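Below is one structure, written out as structure tokens, with a few remarks after it.
Treat the numbers as computed from the prediction; the structure is a model and nothing was measured. Order of the sequence lines sets the chain letters (A, B, ...), proteins ahead of strands, with each chain counted from 1.
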Number of protein chains: 2
Amino acid sequence: MKNYINSLREHNLKATPQRLAIVDALYINGHMNTETLYGLMIQKFSSISLATIYKNINIMIEKNFIQEVKLPHAKSVYELTKTSHSHLLCKKCGAIEDVEINLDVMIENISKTNQFQIDKTDFVLSGNCKNCQ
Amino acid sequence: MKNYINSLREHNLKATPQRLAIVDALYINGHMNTETLYGLMIQKFSSISLATIYKNINIMIEKNFIQEVKLPHAKSVYELTKTSHSHLLCKKCGAIEDVEINLDVMIENISKTNQFQIDKTDFVLSGNCKNCQ
DNA sequence: AAGATAAAGAATAACTTTTATCCATTAAGT
DNA sequence: ACTTAATGGATAAAAGTTATTCTTTATCTT
Ligand SMILES: [Mn+2]
Ligand SMILES: [Mn+2]
Ligand SMILES: [Zn+2]
Ligand SMILES: [Zn+2]
């Protein structure tokens, strides 16, 4: 695992044990919602407050350390910020996979056609994963 | 405007005045969140309950009459179900535009590459609209 | 290595958003 | 018209999120 202490500090976030545990959980699990994240954290820190989860999620989003991923018919999940990517969501088992899709050409076209300057995309493709079809 | 009385009935939804007003508002405004929708409805029906808004949104989604559109850093909006399309979201003024993007070839490729059967996409492109750049 | 201090955690209340309940009303089929 | 299941209104309850207060601590500065 990466050195998240410095990584947090570079984002002006104090490297507290709680915060490191959250980051670690996201690193290991990839995408988590507030509920599952709290469920995991309460095991490590028996007295951690749910408010701590929310406060950290919010400030880490603010500092661009993590990202929210909004999913159809499901709670949002959070993940460590990485290079821009899209998501595959299995409607049956709920699995979420990262997928690299090069959208540059498409964005360029849409940008011109619609006179719209695009600088971010949120792309979720839903269906059935390998194991669920 | 279309005949939404029959359209509702075809989806097994009783055509009540409240429901027709909601549909009409969505038809006119395109995309609305619960707050703005309630704000409009309360003008027409001074005693309408916020719960009525929620109940109708939920049942209309269930019957596939409307769709929820989840947006980054903003409340979800709702729209009448139409042919699959993507959305342009202006980060500055909040405007939402429909945009037709043919994703068939891309989906076909991703489907094969990832052994993932895709049957729905949620695609939001954010940036600055024509008036906001 | 202490000391100072701003940031963060825990506990809890408050607020926001959404859903459930109960009863009155009504759309729609007969 | 009559019947009935569905819906609306009022309200309470539940779920989700944020604010507040005080204590603790990570980090910076001696
Ligand atoms: Mn991801
Ligand atoms: Mn749309
Ligand atoms: Zn699956
Ligand atoms: Zn704009």
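Judged by distance alone, with hydrogens and angles left aside, A:Lys14 brings a side-chain donor or acceptor within reach of the base of C:dA7, the pair sitting under 3.5 Å.
Between the C1' atom of C:dA7 and the CZ atom of A:Arg19 lies a distance of 8 Å, rounded to the nearest Å. Look at CG on B:Leu37: it is 15 Å from C1' on C:dT17, rounded to the nearest Å. Atom-to-atom, CD1 of A:Ile5 to P of D:dT25 comes out at 17 Å; the value is rounded to the nearest Å. As rounded to whole Å, 15 Å separates atom C1' of C:dA28 from atom CD of B:Glu10. A:Asn6 places its CG atom 15 Å from the P atom of D:dA26, with the value rounded to the nearest Å. Taking atom OH of residue B:Tyr38 and atom C1' of nucleotide D:dG9, one finds them 10 Å apart after rounding to whole Å. Atom-to-atom, CD of B:Glu68 to C1' of C:dT18 comes out at 12 Å; the value is rounded to the nearest Å. Atom CG of A:Leu20 is separated from atom P of C:dA8 by 12 Å (rounded to the nearest Å).
A salt bridge is defined here as a Lys NZ or Arg NE, NH1 or NH2 lying under 4.0 Å from an Asp or Glu carboxylate O, and A:Asp119 with B:Lys91 meets this definition. For the pair A:Asp98 and A:Lys82, the salt-bridge criterion is met [side-chain N within less than 4.0 Å of a carboxylate O].
In the helix from C:dA1-D:dT30 to C:dT30-D:dA1, the end axes, each obtained as the rotation axis mapping the C1' atoms of four pairs onto the next four within a five-pair block, lie 50° apart to the nearest 10 degrees.
Side chain to side chain, A:Gln18 and A:Thr52 fail the donor-acceptor criterion of an N or O pair below 3.5 Å.
Inter-residue side-chain proximity for B:Ile22 and B:Tyr4 is flagged as unmet; no heavy-atom pair is nearer than 4.5 Å.
The number of heavy atoms from other shown groups lying within 6.0 Å of NZ (A:Lys120) is above 12.
For B:Gln18, no side-chain nitrogen or oxygen approaches OP1 or OP2 of C:dT26 to under 4.0 Å. The shortest distance between the side-chain N/O atoms of A:Thr16 and the OP1/OP2 oxygens of C:dA8 is not below 4.0 Å. Between A:Lys75 and D:dA15 there is no side-chain N or O to OP1 or OP2 distance below 4.0 Å.
The backbone N or O of A:Asn109 sits less than 3.5 Å from a side-chain atom of A:Thr113, completing a donor-acceptor pair.
For residues 61-85 of chain B, the pairs satisfying ring pair (Phe, Tyr, Trp, His ring centres under 6.0 Å) are B:His11-B:Phe65, B:His85-B:His87, with sequence neighbours left out.
Heavy-atom minimum distance, B:Asn12 versus B:Lys63: O-CE, 3.9 Å.
Annotation: proximity of residues 44-65 of chain B to DNA chain D (heavy atom, distance under 4.0 Å) is found for B:Ser47, B:Ile48, B:Ser49, B:Ala51, B:Thr52, B:Lys55, B:Asn56, B:Ile59, numbered in ascending order.
With D:dT17, D:dA26, D:dT7 as the candidates, the nucleotide lying closest to the side chain of A:Thr34 is D:dT17.
The structure places NZ of B:Lys14 at 14.0 Å from CD1 of B:Ile5, a figure rounded to the nearest 0.5 Å.
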